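First the structure, in the form of structure tokens, and then the observations on it.
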Amino acid sequence: MLEKLIQSRLQDRVRITVPDANLATVLVRPCPDLKFGDYQSNALMAIAKERKRNPRQLAEEVVAGLDVSEWCEPIEIAGAGFLNFRVKTNAVTDVLKSAYRGEHLFFERSATPRTVIVDFSSPNVAKPMHVGHIRSTILGDSLVRALRLLGHHVVTDNHIGDWGTQFGKLLVGWKKDLDRTNLERDPLAEMGRLYKQVNASFETDEEIKTQARQELVSLQSGDEENLKIWREMIDLSLQEFGKVYLRLGIRFDHVLGESFYNPQLKAVAKNLVDVGIAQESEGATVVFFDESTGWKDPAIILKSDGGANYTTTDLATLEYRLKTWQPSEIVYVTDARQQLHFQQLFDIYRRWHPSADVSLSHIWFGMILGPDGTPFKTRTGENIELNALLNEAEERALASVTEKNPDLSEKERLEIARVVGIGAVKYSDLLPNRQSDYRFDWDKMLALTGNTAVYLLYAYTRIRSVGRKAAEVGATASVEALQLTLPSELTLAKHLLRFGLSVEAMASEYRPNYLCNYLFELAGLFSQFYENCPVLKAEAQERASRLALCELAGRVLKQGLEILGIETTERM
RNA sequence: GCGCUCGUAGCUCAGUUGGAUAGAGCAUCUGCCUUCUAAGCAGAUGGUCGUGGGUUCGAUUCCCGCCGAGCGCACCA
């Protein structure tokens, strides 16, 4: 919070001292080490360099006219030209007081809200969601939450895979061997069984192959019976996906699957040919790319059998979204392997609609690996189903809670296990840099020590426990009594002020790990405070002050976890 | 062959316009529960940031070469 005020005033001075400087680079950031101060700006060194000026001299010039004495001690110029700001305790206390009164929670809503479409999760009909969907789903959802909290208008659209060649096989299986009882009990398992069964004989059995092709053609040409079955497969799948999303606390504004765009595909392809972007090659309709891209192979728009593929669908989807919601940005959250596809998609779209004013971002992420460093699968090489994975997380969490706190009722332990188990899965997915592959490790994820959801949730329960005990003895928090005297109180308070920076950093770079690390530090600083500063045993004035500090730390921790899609619990 | 990403402590990983002595967790070792949940806290040990050059006042970060790993490159999505 304070860094924004300091930054704005610093920018004012730079504008006067160096009129042609790019003020967007004049940023105030937390110091890497508290001994330098609380906030710093390194911008003047870069500005001096561009102009071949002495950086310290420029710094002195700027600082001479810079008055931030309302919030800071005298500014220090250090080293090659760092500006170090040390905030006054009074200024920190004032921000805490306004937060306590509910005027803000250490972040500001964006002054320039954008409309952002976030495309994430996108499971395939007739297949259970599995580990491959975890990152897109959890990462995408947390980005949505962060953007919304900052005041942006977000549209979420689950672009499910409800069309494609797999339906030929599924229809054959459905008609030949559907077990209604199995279907009612576990629709996705039954559809998966049918698919596997047909698929197994597909390569060797010419008859099956022909049947599958015929069923697909028949579906695509509007055969009533096949359409009916297809719709039933979609309905059942959506119901099952809905159960998983409910467990994860995720909802979508729209579910417009690939099939929604079928009516547009031919026109899209024709238009691309008409304007000279697409051409025929080896029987297919394709788009070649400029030599400078280095992409030798073209993207296929229409296969030689006339069918469209996902580049075409994605182009139609893009058009529809722009027309329907006029977003300033569309964000696709998918795995790293689709980088080339999205680069090509964006390239084609830019050529197709050069004047479109929208930013297109592919937010990609790495793979989830098993303990041995290879892609995470079951022992038999199958994908691990998301539902089963969440079950195991809850079971493991339940064992942990039961061991640590056997006196709680079973009902309460089950609820805690749910929050902790789901939270642990989410946190372990959001903590690593999204672009790196990470190893899925149950023990690490649900470890009672280290940077885990468990640690953050435990810190939260300690805060809440202090609050409950205080209420029992009639002690109340008072923000007016707030005084930050001990180092651990002041350090904790200053960290609360940085909450907004971490949320903004997360939202602007689509990196939830920034917020995870902020919250881990917050929980650590609270624990230090908790060790060093008795709350309930303190004298009245101090007790009221510390209760207020606890309350604020609790609010920020809860809000931060909420951005990550993680619920909190009062006890554990 | 071309392209993308990566190589940081024994292990798993952070490292936010290039910035100040490179950080965390785990593991190992040492302390702290008659005190608000010890699922905690305090401290110690541990790194030529793959390697060789270059740009810079300053490089884990930017550029180039080399070594090693993963992934992707015409009709699946």
Side-chain angles (χ1 to χ4, degrees), chain A residues 22 24-27 29-33 35-36 40 42-43 45-46 48-49 55 78-82 84 122 124 161 164-166 258 281-286 293-305 307 309-311 313-314 334-341 343 364 366-367 369 373 400-401 403-405 420 431-433 435-439 441 443-444 447-452 454-455 457-459 461-470 501-502 504-506 508-509 511 513-514 516-517 520-521 524 527-528 530-538 546 550 571-572:
Chain A
N22 177 9
T25 67
V26 180
L27 300 175
R29 289 287 169 79
C31 284
D33 191 325
K35 77 177 184 221
F36 299 126
Q40 65 172 264
N42 310 328
M45 289 185 281
K49 188 174 189 170
F82 298 92
N84 288 331
S122 310
N124 290 318
T165 49
Q166 74 270 29
E258 292 169 359
S281 170
E282 297 176 24
T285 306
V286 306
T293 62
W295 304 326
K296 219 179 117 221
D297 292 329
I300 310 275
I301 298 298
L302 293 178
K303 298 180 286 185
S304 45
D305 68 3
N309 69 1
Y310 80 148
T311 301
T313 311
D314 280 353
T334 85
D335 69 85
R337 290 174 302 188
Q338 296 194 44
Q339 282 178 89
L340 183 62
H341 165 67
Q343 284 172 15
W364 55 270
M367 283 186 291
L369 307 175
S400 212
V401 180
E403 190 194 325
K404 283 287 177 182
N405 225 334
V420 172
L431 179 63
N433 179 326
Q435 292 180 323
S436 45
D437 296 344
Y438 78 89
R439 282 175 197 241
D441 183 336
D443 294 332
K444 207 175 141 187
L448 304 178
T449 58
N451 191 351
T452 62
V454 176
Y455 178 80
L457 290 170
Y458 178 65
T461 59
R462 287 174 121 187
I463 295 174
R464 302 301 291 169
S465 176
V466 172
R468 280 195 304 274
K469 289 267 162 55
L501 271 179
S502 68
E504 284 166 20
M506 166 180 169
S508 66
E509 292 185 42
R511 293 187 187 280
N513 59 313
Y514 290 168
C516 293
N517 284 313
F520 178 61
E521 283 169 27
S527 296
Q528 287 170 35
Y530 185 87
E531 295 286 329
N532 296 324
C533 308
V535 178
L536 300 176
K537 289 194 164 52
R546 287 177 179 171
C550 285
R571 289 185 179 78
M572 62 188 281

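In what follows, chains are A, B, ... by sequence order, proteins preceding strands, each numbered from 1. Computed from a predicted model, the values in this text were never measured in an experiment.
Considering only side-chain atoms of A:V466, the nucleotide from B:rG19, B:rC36, B:rA39 that sits closest is B:rC36. Distance from the side chain of A:K49 is smallest to B:rU56 among B:rU56, B:rA20, B:rU35. Checked against B:rA20, B:rG40, B:rA77, the side chain of A:Y310 finds its nearest nucleotide in B:rA77. Taking only side-chain atoms of A:E258, from C-beta outward, the nucleotide of B:rA77, B:rC36, B:rA42 with the closest atom is B:rA77. Closest contact between the side chain of A:A80 and the listed nucleotides B:rA14, B:rC57, B:rA39 involves B:rC57. When each of B:rC36, B:rA14, B:rG40 is scored by its nearest atom to the side-chain atoms of A:S436, the top-ranked nucleotide is B:rA14. Here B:rU16 is the nucleotide among B:rU16, B:rA74, B:rU12 with the atom lying nearest to any side-chain atom of A:A505. Of the candidates B:rA77, B:rA39, B:rG40, B:rG40 carries the atom nearest the A:S527 side chain, counting heavy atoms from C-beta on. You'll find that the side chain of A:P432 is closest to B:rC13, out of B:rG19, B:rC13, B:rA20. Among the nucleotides B:rC41, B:rA74, B:rC13, the one closest to any side-chain atom of A:Q528 is B:rC41.
Note on A:D297: only backbone sugar-phosphate atoms sit closer than 4.0 angstrom, heavy atoms only; bases stay farther off. In this structure, A:N22 reaches neither bases nor backbone, as no heavy-atom distance under 4.0 Å exists between it and the strands shown. If you check every strand for non-hydrogen atoms under 4.0 Å, A:R511 touches nothing.
Comparing the P positions of B:rC49 and B:rA59 gives an interatomic distance of 12 Å, to the nearest angstrom. For the P atoms, the distance from B:rG23 to B:rG43 is 14 Å, rounded to whole Å. Spacing of P atoms, B:rU60 relative to B:rG7, comes out at 14 Å, to the nearest Å. B:rG52 and B:rG40: their P atoms are spaced 41 Å apart (whole Å). Spacing between B:rG1 and B:rA20 at atom P, rounded to whole Å, works out to 39 Å. The separation of B:rC36 from B:rU30, taken at their C1' atoms, amounts to 27 Å, rounded to a whole angstrom. Look at the C1' atom in both B:rG25 and B:rG18: the space between them is 27 Å, to the nearest Å. Nucleotides B:rG70 and B:rC64 have their C1' atoms positioned 23 Å apart, rounded to a whole Å.
Looking only at side-chain heavy atoms (C-beta outward), A:R511 and A:N433 come within less than 4.5 Å of each other. Proximity of A:L457 to A:T452: side-chain heavy atoms (C-beta onward) are nowhere separated by under 4.5 Å. The shortest distance between side-chain heavy atoms of A:L448 and A:K404 falls below 4.5 Å. Contact annotation: the side chain of A:R546 approaches that of A:P534 to within less than 4.5 Å [non-hydrogen atoms, C-beta and beyond]. A:E403 places none of its side-chain heavy atoms less than 4.5 Å from the side chain of A:S400. Here the side chains of A:N42 and A:R29 are not in contact, with every heavy-atom distance at 4.5 Å or above.
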Close N/O contacts between protein and nucleotides 22-27 of chain B (under 3.5 Å):
from, atom 1, to, atom 2, distance (Å)
B:rC26, OP1, A:T449, OG1, 3.4

Expected rows: protein N/O vs nucleotides 3-10 of chain B N/O, under 3.5 Å:
from, atom 1, to, atom 2, distance (Å)
B:rC4, O2', A:Q339, OE1, 2.9
B:rC4, O2', A:Q339, NE2, 3.2

N/O to N/O distances under 3.5 Å, protein versus nucleotides 28-30 of chain B:
none

Check the interface with nucleotides 61-70 of chain B: list each N/O to N/O pair with the protein under 3.5 Å, or write none.
none

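In this structure, the NZ atom of A:K303 is 8 Å from the C1' atom of B:rC76, given to the nearest Å. Rounded to a whole Å, the CE atom of A:M572 is 18 Å from the P atom of B:rC36. One can place CG of A:N517 at 8 Å from P of B:rG15, the figure rounded to the nearest angstrom. Rounded to an integer number of Å, the gap from A:I463 CD1 to B:rA39 P is 16 Å. Across the protein-nucleic acid pair, A:Q338 atom CD and B:rC76 atom C1' stand 11 Å apart, rounded to whole Å. What separates CZ of A:F36 from P of B:rA20 is a distance of 7 Å, to the nearest Å. Rounded to an integer number of Å, the gap from CG of A:D441 to P of B:rC13 is 10 Å. When the P atom of B:rC36 is taken as reference, atom CG of A:N532 falls 15 Å away, rounded to whole Å.
Checking the phosphate oxygens (OP1, OP2) of B:rA38, a side-chain nitrogen or oxygen of A:R462 falls inside 4.0 Å. Considering only side-chain N and O atoms, A:K296 lies nowhere under 4.0 angstrom from the phosphate OP1 or OP2 of B:rC2.
Judged by distance alone, with hydrogens and angles left aside, A:T461 brings no side-chain donor or acceptor close enough to the base of B:rA39 to form a pair under 3.5 Å. Looking at A:D314, its side chain has no donor and acceptor atom pair within 3.5 Å of the base of B:rA77.
Nucleotide B:rC76 forms a pair with no other nucleotide shown, judged by Watson-Crick or G-U wobble geometry with both contacts under 3.5 Å. With a cut-off of 3.5 Å on both Watson-Crick or G-U wobble distances, the partner of B:rA14 is given as none. When Watson-Crick and G-U wobble pairs are counted only if both distances are under 3.5 Å, B:rG31 pairs with B:rC41. For B:rG58, there is no paired nucleotide, since no Watson-Crick or G-U wobble pair has both relevant distances below 3.5 Å. When both distances must be under 3.5 Å, the Watson-Crick or G-U wobble mate of B:rG47 does not exist. For B:rA69, the paired base is B:rU5 (Watson-Crick or G-U wobble, both distances below 3.5 Å). Under the Watson-Crick or G-U wobble criterion, with both distances below 3.5 Å, B:rA22 has no partner in any strand shown.
With sequence neighbours left out, A:R571 forms a side-chain hydrogen bond (donor to acceptor under 3.5 Å, both in side chains) with no residue at all. Every residue two or more places apart in sequence or in another chain was checked for a side-chain hydrogen bond (donor to acceptor under 3.5 Å, both in side chains) with A:T311, and none qualifies.
We find that the ring of A:Y514 and the base of B:rU16 stack, their centres lying under 5.5 angstrom apart and their planes tilted less than 30°. Stacking here means ring centres nearer than 5.5 Å and ring planes tilted less than 30 degrees, and by that measure A:Y455 does not stack onto B:rA39.
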After noting the C-alpha distance and the side-chain angles of A:R337 and A:D335, does the key distance pass the salt bridge (charged side-chain N to carboxylate O under 4.0 Å, His left out) rule?
CA-CA 6 Å; A:R337 290 174 302 188; A:D335 69 85; 3.1 Å; yes
Go through the steps for A:N517 and A:N451 under the test side-chain contact (heavy atoms from CB on, under 4.5 Å), then give the verdict.
CA-CA 8 Å; A:N517 284 313; A:N451 191 351; 3.4 Å; yes
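Each of A:A78 and A:G524 lies near RNA chain B, and the nucleotide nearest A:A78 is the one positioned closer to the 5' end. For A:N124 and A:V535, each mapped to the nucleotide of RNA chain B holding its nearest heavy atom, the one lying further toward the 5' end belongs to A:V535.
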